Amino acid sequence: MNHLTVIVALAETGSVTAAARRLGLTQSAVSHRLREAERRLGLPLVRRTDGRVSLTGEGDRLRAYADRMVSELLRLERDFAATVEGGRTLVRLGQATYSRYHWLPDFLRHLEEAEPGLTVELSARAATRPFTALLEGAADMSMVYGRPQDTTRFQWLRLGSDPLVAAVAPGHRLAGAPFIDSHAMQYDRLFAYPLSGEPGFEWEALIGAPEAPFRHVTQMPTPEAVIDLVRAGMGVGVFSRWAIQPELADGTLVARDLGAAPVALDWWAVLRNSDGADSPAARLARSLVGWGAERTAPLATLSFATQETDVQGGA
């Protein structure tokens, strides 16, 4: 760790003197650590030109690893400190795809009663890579849609099933349709967004290819960007219904089923198999399942149609 922090400081400051000042060390201590790292690796990690220090290619590779490792260790240290000082355990909650948390305040009130020893922090990284975030410790539990795929490394607790819907503005030509399938929207602008950066979670992998091809598709970086554009009447978006509950409630969006037969996705609370039944992640997951089962008001909850106790995976 001493070597890695020196590499990061040298990369960011470009100077042994400035790196020493940042780390609270003497210049000779920084130079000694650098020489020791190079000796152990048998490779030069820095080059010196015009009084500046820059990293070699090997140094850059080490710095990229150091950035991740050092930040994770600092995060872990803060977690432990918070646990000791506050008497609570910090647990990170992730949510695949949608950065929408209108349901969270009600759940936190429930959690305060059900598990007063837990404190929740949101994991932004889980929105794009929920499973990677779990494996790397950036999230302890993630809400994920679809079908259980890796039960050797993950536990899946079923939260319920939520319909996929086509969303349009109230004044859109399709707003009054009984349903909106690919035939109905093929000539409209379809705003698409990445469901997840993990393999196997693309639209076609989940619900199959559309019967009619979409003629105008615009890729957007986030679901929230699509909501704004669709709400302005510029096209059509496809969402899990719970994610647009605020807009449905205030009348700025209209949702229609994706066909004569509704299409739904299962949502799950997913945690690592290495986390035991009494781990903070497992306690958080059980609280989320229990909270959802008790709530029925659409806007106050994830609006899942059914809540069932269904667990897949295990140590």
Side-chain angles (χ1 to χ4, degrees), residues 88 90-130 133-134 138-146 155-165 167 193-196 201 206 222-228 230-231 237-255 262-271 280-310:
R88 287 173 174 249
L90 185 67
V91 58
R92 284 180 171 75
L93 171 63
Q95 179 175 279
T97 301
Y98 301 111
S99 297
R100 311 218 79 195
Y101 295 98
H102 47 276
W103 57 272
L104 185 62
D106 188 63
F107 170 63
L108 291 180
R109 286 189 289 270
H110 169 84
L111 187 69
E112 184 66 30
E113 296 183 3
E115 289 286 352
L118 296 182
T119 296
V120 172
E121 182 175 289
L122 298 178
S123 170
R125 189 174 182 192
T128 55
R129 294 191 174 275
L134 284 169
D140 299 303
M141 193 218 83
S142 285
M143 293 164 50
V144 176
Y145 49 79
Q155 302 175 51
W156 298 66
L157 282 71
R158 189 171 183 272
L159 293 170
S161 183
D162 195 62
L164 281 176
V165 295
Y193 55 87
L195 289 184
S196 167
F201 285 83
L206 292 169
T222 65
E224 292 71 34
V226 175
I227 289 173
D228 286 340
V230 172
R231 189 168 47 194
V238 176
F239 301 93
S240 197
R241 180 186 285 272
W242 74 261
I244 55 171
Q245 279 294 344
E247 288 73 22
L248 298 180
D250 66 20
T252 55
L253 283 182
V254 173
V263 178
L265 289 180
D266 285 340
W267 281 79
W268 305 79
V270 181
L271 57 150
R283 289 155 55 196
L284 179 68
R286 288 195 298 269
S287 294
L288 186 61
V289 172
W291 168 78
E294 294 175 1
R295 301 311 196 260
T296 56
L299 184 56
T301 74
L302 294 167
S303 76
F304 293 137
T306 60
Q307 263 73 22
E308 299 175 10
T309 303
D310 188 359

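Just so you know, these numbers use all the heavy atoms, side chains as well, and skip hydrogens, waters and symmetry mates. If you read the sequence from its start, that first residue is 1, and numbering goes on from there. The structure presented is a predicted model; accordingly, all values stated were derived computationally and were not measured.
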Problem set entry | 4.5 Å side-chain heavy-atom contact, Val230 and Ile244 | no
Exercise. So Leu284 and Asp140, side-chain contact (heavy atoms from CB on, under 4.5 Å) or not? Walk me through it.
Worked result: CA-CA 9 Å; Leu284 179 68; Asp140 299 303; over 6 Å; no
For this session: With the side chain counted from C-beta on, respond yes when Val120 and Val91 share a heavy-atom pair under 4.5 Å apart, and no when they do not.
Result: yes
For this session: Please confirm whether the backbone N or O of Glu224 pairs with a side-chain atom of Tyr98, one donor and one acceptor, at under 3.5 Å?
Result: no
Exercise. Are side-chain heavy atoms of Trp103 and Gln245 found at a separation under 4.5 Å?
Worked result: no
Exercise. How long is the gap from CG on Leu134 to CZ on Arg92, to the nearest 0.5 Å?
Worked result: 12.0 Å
For this session: Among Val289, Asp266, Val144, Val270, find the residue that satisfies the side chain to side chain contact (heavy atoms under 4.5 Å, CB included) test when tested with Leu159.
Result: Val289
For this session: List the steps and the verdict of side-chain contact (heavy atoms from CB on, under 4.5 Å) for Leu104 and Leu122.
Result: CA-CA 10 Å; Leu104 185 62; Leu122 298 178; 4.0 Å; yes
Exercise. Considering only heavy atoms from C-beta outward, does the side chain of Met141 approach that of Leu288 to under 4.5 Å?
Worked result: yes
For this session: Work out which heavy atom in Val165 is nearest to a heavy atom in Arg241; give both atom names and the distance.
Result: CG1-NH2, 3.7 Å
For this session: Provide the closest heavy-atom pair for Ala167 versus Leu253 in the form atom of the first, atom of the second, distance.
Result: CB-CD1, 4.4 Å
Exercise. Which atom pair, heavy atoms only, marks the closest approach of Ala243 to Glu247?
Worked result: O-OE1, 4.3 Å
Problem set entry | Distance in Å, Ser240 OG paired with Leu164 CG, rounded so as to fall on 0.5 Å steps | 5.5 Å
Exercise. Would you call the rings of Trp242 and His102 parallel, tilted or perpendicular if under 30° counts as parallel and over 60° as perpendicular?
Worked result: tilted
Exercise. What is the minimum heavy-atom distance between Ser161 and Ala264, and which atoms define it?
Worked result: OG-CB, 3.2 Å
Problem set entry | Which atom of Ala138 lies closest to which atom of Arg125, heavy atoms considered | CB-CD, 4.4 Å
Exercise. Mind checking whether Trp267 and Tyr145 have parallel, tilted or perpendicular rings, split at 30° and 60°?
Worked result: perpendicular
For this session: Could you tell me which residues satisfy side chain to side chain contact (heavy atoms under 4.5 Å, CB included) with Ala282, sequence neighbours excluded, listed by chain and number?
Result: Leu271, Ser279, Arg286
Problem set entry | Distance in Å, Leu111 CG paired with Ser287 OG, rounded so as to fall on 0.5 Å steps | 5.0 Å
Problem set entry | Pairing residues for Glu112 by the salt bridge (charged side-chain N to carboxylate O under 4.0 Å, His left out) criterion, not counting sequence neighbours | Arg88
Problem set entry | pair Arg100-Phe239: side-chain heavy atoms closer than 4.5 Å | no
For this session: Give a yes or no answer on whether the side chain of Thr222 reaches the backbone of Ala225 with a donor-acceptor pair at less than 3.5 Å.
Result: yes
Exercise. Residues two or more places apart in sequence or in another chain: which of them pass salt bridge (charged side-chain N to carboxylate O under 4.0 Å, His left out) with Glu115?
Worked result: Arg283
Problem set entry | Nearest non-hydrogen partners of Ala96 and Pro130, listed with the distance | CB-CG, 4.0 Å
